[in-house]
Amino acid sequence: MIERVRAVLVTADDTMLVIRRTRPGIPEYWVLPGGGVEPGDESREAALHREIHEEIAGKADIVRLLHTMETDDERQLFYLARVATWSFDDRTGPEFSAEDRGEYALEEVPLTPEGLDGIDLKPEEIAHVLRGAIGAGSLGVEASL
């Protein structure tokens, strides 16, 4: 089974960092930073730190596992994390050198229902989970740090 890790990266301004994906022939959409767990990764959390470094040259403190999605051949783990530093200009992931992969633009989105409604966050299930947690006041980033 393929495992992927992604992070809801909350900034000091209570926004979240998302990547706007623009690909030829596909309507733009947004994803959370992250990617596949590789055999050399010591843990899922180590894989997430590596992916955050590659995709946004960032450093984050993982707060907790927020949600897990599983299909027959893939498991995605979504973590809640506080991000303190990032530099989209210094990203190093292999996806950025492939010309046919489209564009990756880093954006800050308010971590509110309105902020989520303004983007097409994929997968839809994590957008639904975030809306529910925000509405219930159970995201708990501040209390967990």
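The chain is numbered in sequence order, starting from 1. Note that this is a predicted model, so its numbers are computed, not measured. Only this structure's heavy atoms are used, side chains among them; waters, hydrogens and symmetry mates stay out.
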In plain terms, say whether Arg6 and Glu51 are close enough for a salt bridge, that is, a side-chain N and a carboxylate O under 4.0 Å apart.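 A salt bridge is absent here (no side-chain N lies under 4.0 Å from a carboxylate O).
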Check this for me, if you would: do Arg21 and Glu103 make a salt bridge, where the nitrogen-to-carboxylate-oxygen distance has to be below 4.0 angstrom?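 Salt bridge flag = no for Glu103 with Arg21.
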Gap between atom [atom2] of [Y] and atom [atom1] of [X] - 0.5 Å precision:
| X | Y | atom1 | atom2 | value |
| --- | --- | --- | --- | --- |
| Leu130 | Leu111 | CG | CG | 6.5 Å |
| Glu3 | Glu70 | CD | CD | 8.5 Å |
| Arg131 | Ile126 | CZ | CD1 | 11.0 Å |
| Asp61 | Arg82 | CG | CZ | 10.0 Å |

Kindly write out the residues that satisfy side-chain hydrogen bond (donor to acceptor under 3.5 Å, both in side chains) with Thr68, not counting sequence neighbours, or none if the list is empty.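 side-chain hydrogen bond (donor to acceptor under 3.5 Å, both in side chains) check on Thr68 returns nothing, list empty.
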Going by side-chain hydrogen bond (donor to acceptor under 3.5 Å, both in side chains), name the residues that satisfy it together with Glu107, two or more places apart in sequence or in a different chain.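 Result, side-chain hydrogen bond (donor to acceptor under 3.5 Å, both in side chains) vs Glu107: Arg20, Trp30.
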Mind checking whether [X] and [Y] have side chains closer than 4.5 Å, heavy atoms only?
| X | Y | result |
| --- | --- | --- |
| Leu80 | Val10 | yes |
| Phe78 | Leu32 | yes |
| Leu66 | Leu139 | yes |
| Pro33 | Ile19 | yes |
| Asp120 | Pro27 | no |
| Val109 | Leu17 | no |
| Met16 | Thr11 | no |
| Asp41 | Leu48 | no |

Distance-minimising heavy-atom pair for [X] and [Y]:
| X | Y | answer |
| --- | --- | --- |
| Thr85 | Val83 | O-CG2, 3.5 Å |
| Ser87 | Ala57 | O-CB, 3.3 Å |
| Ile52 | Ala7 | CD1-CB, 4.2 Å |

Decide yes or no on side-chain hydrogen bond (donor to acceptor under 3.5 Å, both in side chains) for Arg23 and Tyr29, but give the supporting numbers first. CA-CA 9 Å; Arg23 297 168 54 189; Tyr29 60 96; 3.0 Å; yes
Start with the C-alpha gap between Leu9 and Ile56, add the side-chain angles, then the distance that decides, and say whether side chain to side chain contact (heavy atoms under 4.5 Å, CB included) holds. CA-CA 11 Å; Leu9 294 173; Ile56 66 169; 3.6 Å; yes
Cluster question for you: counting only ILVMFWY and a side-chain heavy-atom cut-off of under 4.5 Å, with indirect links fine, are Val5 and Met1 together?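 Shared cluster, no.
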Tell me, please, which residues at least two apart from His49 pass side chain to side chain contact (heavy atoms under 4.5 Å, CB included).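 If we apply the side chain to side chain contact (heavy atoms under 4.5 Å, CB included) test to His49, skipping adjacent residues, the hits are Ile62.
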Does NZ in Lys59 sit with more than 12 non-hydrogen atoms of other residues, nucleotides or ligands closer than 6.0 Å?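 Counting neighbours around NZ of Lys59, 12 or fewer heavy atoms of other residues, nucleotides or ligands fall under 6.0 Å, so no.
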List the steps and the verdict of side-chain hydrogen bond (donor to acceptor under 3.5 Å, both in side chains) for Gln76 and His67. CA-CA 8 Å; Gln76 289 196 68; His67 186 68; over 6 Å; no
